[in-house]
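Just so it is clear: chains get the letters A, B, ... in the order the sequence lines come, proteins before strands, and each one is counted from 1.
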Amino acid sequence: MAGVHVSTTINGDATEFVCHPAETLLDVLRDRLGLTGSKEGCGTGDCGACSVTVDGQLVCSCLVLGAEVSGATVDTIEGMAVGNKLHPLQERFIEHAALQCGVCTPGFLVAGKALLDRNPNPTEEEIRYALAGNLCRCTGYDKIVTAVSAAAKDVRKQQNRKKR
Amino acid sequence: MRYEAPTTSKEAATLMANAKGKAFVLAGGTDLLVRLKSGAIDPDLIVDIKRIEATQSISRTANGFRIGAAVSGAAMGNHSALTKAWPGVVEATNLIGSDQIQGRCTMAGNMCNASPAADSVPALVAASAKVAIVGPNGRRSVAAENVATGPGKTSLAKGEFVEAITLPKRAPRSADAYLRFIPRTEMDIAVVSAGINLTISAAGVITKARVALGAVAATVLLVPKAARAIIGTKLDDKALAKLAAACEAACKPINDMRGTIEFRTDVAGVLGRRAAKIAYQRAGGK
Amino acid sequence: MAHDTSFTNQEFKIIGTRPERPDGVDKVTGRARYGADASAPGQLIARILRSPHAHATIRKIDTSKAEKLKGVKAVLTSKDLPDLTNGNQGNFDILENCMARDRALYDGHAVAAVAAIDEDTAKKALKLIKVDYKILPHVTDVDLAMQDDAPIVQPRIRHNDAPSNIAQVSEFGHGDVDEGFEKADVIIEKSYKTEQTHQGYIEPHACLATVGPDGQGELWVTTQGHYTFRNICASLLGMELAKLKVTSSEIGGGFGGKTHVWMEPVALALSRKVNRPVKLVMSRNEVFRASGPTCSTSVDVKIGAKKNGTITAASATLRYQDGPFPAIWGMLGAMTSWACYDLKNVKSKAYDVLVNRPKVAAYRAPSAPMAAFAVESTIDLVAAEIGMDPVEFRIKNAAKKGTRASYGPTYGPIGIGPTLQAVKKHPHMRAKLGPNQGRGMACGFWFNFGGQTCTDLNIGVDGTINLTIGTVDVGGSRASMSLIAAEELGIPYDQIKCNVADTSSLGHNDTTEGSRGTFSSGMATIFAARDAIKVMCERAAKEWEIDVKDVEWKDGSAVAKGVRNSNLAPMTLKEIAAKSGATGGPIAGHNEVVADGAGVSFASHICDVEVDPETGGTKVIRYTVIQDAGKAIHPDYVEGQFQGGAAQGIGWALNEEYVYGEDGRLQNPSFLDYRMPVCSDLPSIDTEILEIPNPDHPYGIRGVGETSIVPPLAAVGNAVSMAAGVRMNHVPMSPPRILKAIKEKQAQG
């Protein structure tokens with residue numbers, strides 16, 4: 001099988017790779033680029049542990065071919081913190097004990113960020129439905145929802161500061 | 001396996017028609033990649049249609065809406081005019097999977113995957129949607145209910161693919177609705193579903209109706225008897241009961257790990273009633 | 001083992017606060033490394049060929065074509081795994097489960113394995129392996145497996161002098177139940193069935209194995225017990241313990257399912273065959289088919305009571321399937337059935353039954369939820385029959401200090417009574433219910449375990465501390481251990497860094513299961529800290545030239561006691577550490593212990609549901625967990641355990657089940673159709689932590705991780721009964737089952 005040569009942008013960095021046509025973006029991230037933050041929980045788009053954004057759109061990277069992201073921008077969990085500064089979601093997850101084993105956490109953070117980027121003032125119900133594509137088996141979701149609400153407050157504050 | 005991403009429909013059709021071996025269309029990939037990874041399919045060629053301009057957008061014409069085959073559920077949900085005119089079609093599509101799936105899945109893919117439980121199809125059938133197909137011999141238009149021919153099978157010939165789905169011009173006081181039953185609140189395949197599209201008169205009498213049921217037969221069922229049960233009525237309880245009975249009678253479901261025959265039959269009637277009420281209210285009925 | 005119980009009056013300074021966990025930043029940035037996140041240069045990718053048949057003789061396996069495929073480096077069958085178990089049947093069963101020998105025992109049973117240069121080649125190689133199966137009749141239902149004409153899963157197993165699938169029968173209880181039933185005014189007898197569920201951890205099994213020609217090896221693996229894994233793998237493969245270094249990766253959930261090896265010996269054997277690192281990761285499909293779900297069961301319960309509410313007799317007959325290998329799951333069910341109650345006449349009889357399904361593993365309070373579903377549902381029925389409030393009925397019969405438990409021991413101070421009193425007072429009980437809504441409550445119990453543990457505590461010259469433990473951290477225990485060490489030493493929490501050692505760096509630690517992590521490692525940490533304190537006091541005494549008996553440890557410093565020493569200023573840990581090089585060398589504390597006396601943990605849950613009477617669709621709309629933790633070291637993590645266990649129990653109650661076809665194949669090995677609760681399915685889960693200290697632990701700690709999964713099945717069932725007017729006796733209470741029950745009730749008029 002001839003490889004596909006892909007030029008793309010990952011977490012802001014220009015990135016090139018060669019992959020098999022049938023290889024998923026998740027496989028490329030983890031096995032070719034060493035970005036193991038996105039996890040494979042199921043491989044069928046049912047658990048969200050592989051969540052990334054492609055051109056700002058939240059997707060399951062296990063259901064995107066590596067070949068498809070030529071020319072696109074891909075953002076993964078590894079790019080969520082800006083240098084030393086954690087995103088409010090990352091801080092609030094730690095503060096509110098919104099993780100136990102932590103394996104679903106990268107997926108939740110990426111999905112949570114996608115939610116707050118389009119709706120920085122979500123209700124509890126909106127949070128729960130927006131995160132319905134991310135499975136957690138440890139927490140029962142309670143502290144995750146609390147953490148996302150708290151981070152939403154931070155994001156609104158940041159936005160108001162920027163407006164002034 | 002080869003991956004191609006043509007930029008015109010003609011190119012795509014030619015690639016598909018000339019493929020030696022098995023060729024598959026890739027739009028959102030939320031069904032295709034699952035089948036690929038499970039080994040259910042072994043493609044020789046994958047044709048990604050997302051770079052074709054004709055598949056990429058939603059446009060409003062004098063004859064209704066044209067939704068490109070590569071338009072995602074998320075994009076449809078963000079389109080306020082489409083959502084206003086066809087809330088049932090949009091909510092049906094938006095029920096497919098999670099936000100992650102919504103960022104990728106398409107109505108065209110949902111329809112061509114031809115699962116009996118596909119969410120968008122009952123709403124599209126009730127809406128009298130038409131499917132614009134491009135092939136090596138040119139273009140043709142097919143009614144939504146004539147695309148799937150059985151589980152996993154479509155009426156498309158080799159080399160053909162769906163370029164767009166069109167929804168007809170909306171008459172005033174018209175609305176549609178889609179309901180499905182799933183055991184959880186999200187993330188399940190529909191156990192049974194109902195899509196209803198109707199138009200009412202200024203006095204609130206239903207003048208036109210189409211009722212479609214999903215997941216209760218090998219393909220989506222259009223149930224004219226259920227539509228006749230409510231046409232000419234203001235959706236009183238008697239009409240609703242007749243509608244429900246007609247829905248139950250039309251069902252040809254199977255027992256599987258998602259539902260039993262009795263369950264699907266019972267709930268088809270319940271969802272028919274509930275969807276009719278929602279569509280009626282949306283159309284302005286009281 | 002009794003301890004100084006002055007802790008009950010002790011004011012904890014750091015225990016019970018909520019600091020941030022040491023692995024937090026790694027886990028929110030994607031830096032933390034789990035089982036599949038490690039790779040080695042030159043590694044091969046392994047894949048396993050699995051039987052598609054529920055029961056079959058393996059006549060022949062032809063691997064020749066696979067071996068010739070370019071890129072394939074090793075192919076393995078049971079021929080490459082000689083029996084080194086020396087008659088140890090338990091180990092042989094493990095070996096046979098990892099790789100079928102002469103029979104495939106379930107759909108998904110491993111029959112061969114390959115290691116190749118990439119996944120694609122490995123998958124192609126599997127397709128080239130030809131297995132000649134002779135299909136045998138199979139049985140997957142626990143009740144059918146007990147019938148005389150059932151296909152026999154293990155020919156060596158006999159019962160009543162004939163080949164049987166009944167591997168073990170156990171009985172517990174005391175008194176005379178026949179007499180007790182005679183005395184009853186009311187008797188309720190009912191049968192229940194629960195379907196098989198899986199722990200559902202989000203991270204599939206994964207490992208990276210390297211074995212060299214010198215017999216030395218390394219295994220990186222997601223596990224709840226890296227020492228246990230080392231011991232088993234080394235034993236099965238004829239390797240020496242000290243030469244197999246097993247490192248626990250971060251673990252992405254276990255709940256008991258990662259306490260057993262499923263494929264790790266195969267990875268090691270492949271690596272050894274070809275002298276290259278081998279990476280082996282299970283797909284989700286394989287996790288469902290070939291790891292260790294919990295039992296499906298069939299349970300009969302009979303309760304007799306007087307009109308005044310006293311239970312006069314209680315008996316249960318339990319039938320639990322273990323998969324194809326004998327185990328004790330039924331026995332555990334029998335032990336837990338009546339544990340919440342103070343009963344004069346009680347009996348439990350359990351059958352452990354073999355079927356052609358995957359080998360059953362522990363799942364959070366294993367065996368207890370199913371028995372509790374049957375018992376707690378029947379308790380509600382008896383209360384209703386007498387006309388007594390279900391909470392009051394339970395209070396009247398609740399176990400207490402001095403009660404002889406139905407499974408044998410006599411209880412010390414326990415929390416069942418207090419949790420029931422807390423239920424009565426809880427605002428949840430007074431919240432208004434709307435149409436089609438109902439409320440139920442139920443109780444639960446788990447033993448909790450101690451076990452072998454050891455811990456090292458090393459003090460750096462700058463006074464910061466490396467705390468090295470051997471229990472895998474499944475949910476934040478590194479933070480809890482640091483809290484405990486900080487409390488003992490009297491220093492700030494963030495002066496301590498807690499790590500989980502690999503098997504070469506610390507002595508044996510039992511698996512993190514049985515809610516033993518905080519209890520056991522906590523105990524060892526306390527004693528290791530006290531060990532280090534002893535050393536530090538000796539150093540201070542030496543420097544001060546006073547008797548070490550006159551030195552005590554207080555608020556993080558060595559303090560000279562007595563009036564004549566009052567001129568000596570306290571010496572802080574930092575000061576002592578700084579001088580350690582000159583005063584006798586590095587300062588450390590160590591402890592090995594078989595932690596004993598893990599306290600039993602009781603819980604009472606309250607659940608509100610809404611049932612759509614036309615579809616049977618059911619949603620939990622409010623949920624409260626009240627549980628006794630003994631002493632909550634880190635309240636956030638205790639709450640987290642309560643909530644997580646409750647969520648699993650709710651999923652089990654409503655929608656999760658293994659669906660087998662007539663052909664004996666698992667029909668739903670995916671997250672699409674194995675339906676675990678998603679975020680929008682659940683409400684907030686309220687928690688109330690009670691603390692009835694465990695007198696057998698220096699801080700009063702009881703295990704907390706497991707009990708929370710026990711009450712939900714019946715709590716939901718009792719709520720559905722009120723909401724929809726139907727009593728469900730089959731779990732999961734999925735919409736088709738509930739709608740059927742509603743329609744049957746309507747038909748009866």
Side-chain angles (χ1 to χ4, degrees), chain B residues 1 30-31 33-40 42-43 95-101 113 115 117 119 179-194 215 240-241 244 247-248 253-275 277, chain C residues 47 119-120 123-124 126-127 195 283-286 610-621 650-651 653-662 665-683 732-744 746-747:
Chain B
M1 191 190 98
T30 53
D31 285 317
L33 264 68
V34 176
R35 291 161 69 204
L36 176 65
K37 271 132 64 97
S38 73
D42 192 8
L95 281 173
I96 301 170
S98 57
D99 277 15
Q100 287 90 337
I101 300 297
N113 187 53
S115 157
D119 280 312
L179 287 178
R180 69 176 182 181
F181 182 84
I182 54 170
R184 294 183 289 182
T185 53
E186 287 283 340
M187 299 306 284
D188 288 329
I189 299 292
V191 180
V192 51
S193 63
L240 285 169
C247 288
E248 289 178 30
I254 57 170
N255 282 327
D256 69 11
M257 62 179 163
R258 294 175 188 145
T260 59
I261 291 171
E262 308 99 311
F263 182 78
R264 288 181 155 121
T265 306
D266 279 337
V267 179
V270 173
L271 293 185
R273 265 192 283 115
R274 293 179 182 179
K277 280 199 204 154
Chain C
R47 292 225 59 110
E119 186 170 356
D120 225 48
K123 278 182 168 164
K124 287 200 177 87
L126 289 190
K127 290 203 182 121
E195 297 297 338
S283 67
R284 180 55 54 183
N285 174 293
E286 291 178 288
E610 183 173 313
V611 179
D612 183 335
E614 289 186 313
T615 65
T618 300
K619 192 157 185 227
V620 174
I621 54 177
I650 290 169
L654 288 177
N655 279 311
E656 294 179 36
E657 63 178 306
Y658 269 40
V659 180
Y660 276 88
E662 288 290 307
R665 290 189 185 152
L666 180 61
Q667 294 186 342
N668 60 334
S670 78
F671 279 145
L672 178 61
D673 287 302
Y674 181 82
R675 291 186 269 267
M676 304 188 338
V678 299
C679 194
S680 44
D681 289 337
L682 296 174
M733 296 168 253
S734 55
R737 291 194 180 118
I738 291 182
L739 188 62
K740 187 161 180 233
I742 289 173
K743 295 211 124 91
E744 276 168 5
Q746 282 170 353

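Heavy-atom minimum distance, B/E186 versus B/G97: OE1-O, 3.5 Å.
Looking at C/L672, the atoms closer than 4.5 Å to chain B (heavy atoms on both sides) sit in the backbone and in the side chain alike. The part of C/N655 that comes within reach of chain B is its side chain, from C-beta onward, which places non-hydrogen atoms under 4.5 angstrom from that chain. Looking at C/N285, neither its backbone nor its side chain comes within 4.5 Å of chain B, counting heavy atoms on both sides. Looking at C/S734, neither its backbone nor its side chain comes within 4.5 Å of chain B, counting heavy atoms on both sides. Interface remark: C/D673 contributes side-chain atoms only to the contact with chain B (heavy atom separation under 4.5 Å). Neither the backbone nor the side chain of B/R264 has a heavy atom closer than 4.5 Å to any heavy atom of chain C. For a residue to count as touching a neighbouring chain, one of its non-hydrogen atoms must lie under 4.5 Å from one of that chain's; by this rule C/K127 does not touch chain B.
Side chain of B/R184 to main chain of C/M676: a donor-acceptor pair is present (N/O by atom type, distance under 3.5 Å, no hydrogens or angles).
Annotation: side chain of C/P736 is not in contact with side chain of B/E262 (no heavy-atom distance under 4.5 Å).
Looking only at atom types and distance, the side chain of C/E195 has no donor-acceptor partner in the side chain of C/Y658 under 3.5 Å away. Under 3.5 Å, the side chains of B/N255 and B/T260 contain no donor-acceptor pair of N or O atoms.
For C/K123, the side-chain contact (heavy atoms from CB on, under 4.5 Å) partners two or more places apart in sequence, or in a different chain, are C/R47, C/E119.
By number of non-hydrogen pairs under 4.5 angstrom with chain C, the leading residue of B/D188, B/I182, B/V192 is B/D188. When B/T185, B/D256, B/V267 are compared by the number of non-hydrogen pairs under 4.5 Å with chain C, B/T185 comes out ahead. Chosen from C/K743, C/E657, C/K740, the residue pairing most often with chain B at heavy-atom distances under 4.5 Å is C/K743.
Ionic pairing of C/D612 and B/R274 is present here: one or more N-O contacts between side-chain nitrogen and carboxylate oxygen are shorter than 4.0 angstrom.
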